[in-house]
Structure formats: C-alpha cells, structure tokens
Amino acid sequence: MIFEEKKIDSQRIYEGAILNVRRDRVTAVKGQAFREIIEHNGAVAIVPIKDDGSVIMVEQYRYACGRTVLEIPAGKIDKGETDPEQVAARELREETGYTAKDIMYLGKINTSVAYSEEVIHIYAMTGLTAGDQELDDDEAINVVEMPFAEACELASGGRLIDAKTVAGLFMAKEQLAKAGIIG
C-alpha cells in the first residue's frame, strides 16, 4: 500500500520573479511532515531538426552551475500564456532565429518530483527556416548546429549536463525514428 500525503496547510515563504516557494504541512505515515515546494509556471523545450538531420542547439553561460552549457532551446511559460506549443515556437524564434513548419509534441517531464511543480513540455520541430535571433536584453546565446547522432552521443556519454536536453534528445530520437523523420 502506498501512503498518499494530504495538505493540512500551506505558507508562502518566498515570492520571486520566476518562481515562488511554499512550505506545506502534510499528513505523513507517522503523523505530520513539512514539504517545501517550488511553484513554477512551467517551461518548454525544443529539439529543432534541420532537413539534413542536424539538430540546432544553444550554448550559454548558466550562472547556477557556473559554466557554459550546451542545451536544446527552451524557455519558461510566462504568466498568462496558456498554449505551450505557441511558447515553444516563440522560444525557438527568439533563441535561434529559426521558425518551424512542423511541430510534434514529444511529451512532458517533471524536473524534480520531490520539490518542484515545474513541468517542461518538449517538442520536436522540423521544416526549419533560418532568421534572426530575438534575444532578451540579459541573454547571450550562441547557436550550435551538429549532427543529431553526435548530440545523442554527447548525451549518452554524460557530456551534456542539462536534464531537459538529455530527455528531449532521447524522446526525439525514439519518436522521430518511428515517424521516419530521422534514421
């Protein structure tokens, strides 16, 4: 039997620009416990595949881990945005300059089921057309193109550290192969 925790009460302990933190008191197997939860609007991530089979990735400095990281394009769902597919198309254009003719929903992931409500919706995009990046004032992003197989090798070899990137690449590999888009 699996015990399901129930919220008794909740207190907001932090309000920020992109996330909030609350502390919930919950029922527990041996009485009560506290759970600190990150509230987040969610995000999108995109695996953009060019006609030649290469993948478009982005490279940017990530302050939290103190290094430059190679990732798939991604971004948060802003307050008031309700359609993750539209957000994904916007983020692809802003970060890479590309627009896509075809969009395939690959699925969603929960970033950390123990303490975060963040859900990332992952899309594959094909039929790409190049354009100009539309970066935010605080963004510095290099667009990196590489063979899709090479990106998957980097992921399986532990050389990509971003979880959404690893998940997105392998979700795309499986589903795009089934659809006959990649070999």
About how many Å separate [atom2] of [Y] and [atom1] of [X], when rounded to the nearest 0.5 Å?
| X | Y | atom1 | atom2 | value |
| --- | --- | --- | --- | --- |
| R62 | T68 | CZ | OG1 | 10.5 Å |
| I77 | H40 | CD1 | NE2 | 8.5 Å |
| N20 | N41 | CG | CG | 8.5 Å |
| S112 | I38 | OG | CD1 | 7.5 Å |
| T129 | K50 | OG1 | NZ | 10.5 Å |

Listed partners of [X] passing salt bridge (Lys or Arg N to Asp or Glu O under 4.0 Å), at least two apart:
| X | answer |
| --- | --- |
| K178 | E174 |
| K101 | none |
| E39 | R12, R22 |
| E5 | R35 |

Are [Y] and [X] connected in a single hydrophobic cluster, I mean Ile/Leu/Val/Met/Phe/Trp/Tyr linked by side-chain heavy atoms less than 4.5 Å apart?
| X | Y | answer |
| --- | --- | --- |
| I18 | Y115 | yes |
| I103 | Y98 | yes |
| M146 | I181 | yes |
| L70 | I120 | yes |
| V69 | L154 | no |

For [X], does the [atom1] atom sit with more than 12 other heavy atoms under 6.0 Å from it, leaving out its own atoms?
| X | atom1 | value |
| --- | --- | --- |
| D138 | CG | yes |
| F34 | CZ | yes |
| Q32 | CD | yes |
| D136 | CG | yes |

Compare every heavy atom of [Y] with every heavy atom of [X], then report the nearest pair and how far apart it is.
| X | Y | answer |
| --- | --- | --- |
| Q60 | A140 | CB-O, 3.6 Å |
| A88 | I46 | O-CD1, 3.5 Å |
| E118 | A43 | OE2-CB, 3.8 Å |
| F148 | I182 | CE2-CD1, 3.4 Å |
| M125 | A89 | CE-N, 3.7 Å |
| K173 | C152 | CD-SG, 4.0 Å |

With no hydrogens and no angle check, is any side-chain donor or acceptor of [X] less than 3.5 Å from a backbone partner on [Y]?
| X | Y | result |
| --- | --- | --- |
| Y123 | E85 | yes |
| Q175 | L106 | yes |
| T27 | K6 | yes |

Apply the test side-chain contact (heavy atoms from CB on, under 4.5 Å) to residues E117 and I37: give CA-CA distance (whole Å), side-chain angles for both, the deciding distance (0.1 Å), then the verdict.
CA-CA 7 Å; E117 294 178 338; I37 305 296; 3.7 Å; yes

Donor-acceptor pairs under 3.5 angstrom involving side-chain atoms of residues 158-172: please list them, not counting sequence neighbours.
unit_1 : atom_1 : unit_2 : atom_2 : d
D162   : OD1    : K164   : NZ     : 3.1
D162   : OD2    : K164   : NZ     : 2.7
D162   : OD2    : T165   : N      : 3.1
D162   : OD2    : T165   : OG1    : 2.6
K164   : NZ     : E71    : OE1    : 2.7
T165   : OG1    : I72    : N      : 3.0

Please determine, by modelled atom types, if S54 and E145 share a side-chain donor-acceptor pair under 3.5 angstrom.
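Distance-only check passes for S54 and E145.
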
So [Y] and [X], do their side chains get closer than 4.5 Å, heavy atoms only?
| X | Y | result |
| --- | --- | --- |
| E36 | R23 | yes |
| M104 | L176 | yes |
| L128 | L92 | yes |

Only counting residues at least two apart or in another chain, list the ones meeting side-chain contact (heavy atoms from CB on, under 4.5 Å) with R93.
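Result, side-chain contact (heavy atoms from CB on, under 4.5 Å) vs R93: R90, T99, E134.
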
Quick one: do V47 and V55 satisfy side-chain contact (heavy atoms from CB on, under 4.5 Å)? Show the steps, please.
CA-CA 7 Å; V47 182; V55 62; 4.0 Å; yes

Run the side-chain contact (heavy atoms from CB on, under 4.5 Å) test on H121 and Y105 for me, step by step, so that the C-alpha distance in whole Å, both residues' side-chain angles and the decisive distance to 0.1 Å come before the verdict.
CA-CA 8 Å; H121 299 272; Y105 185 68; 2.9 Å; yes

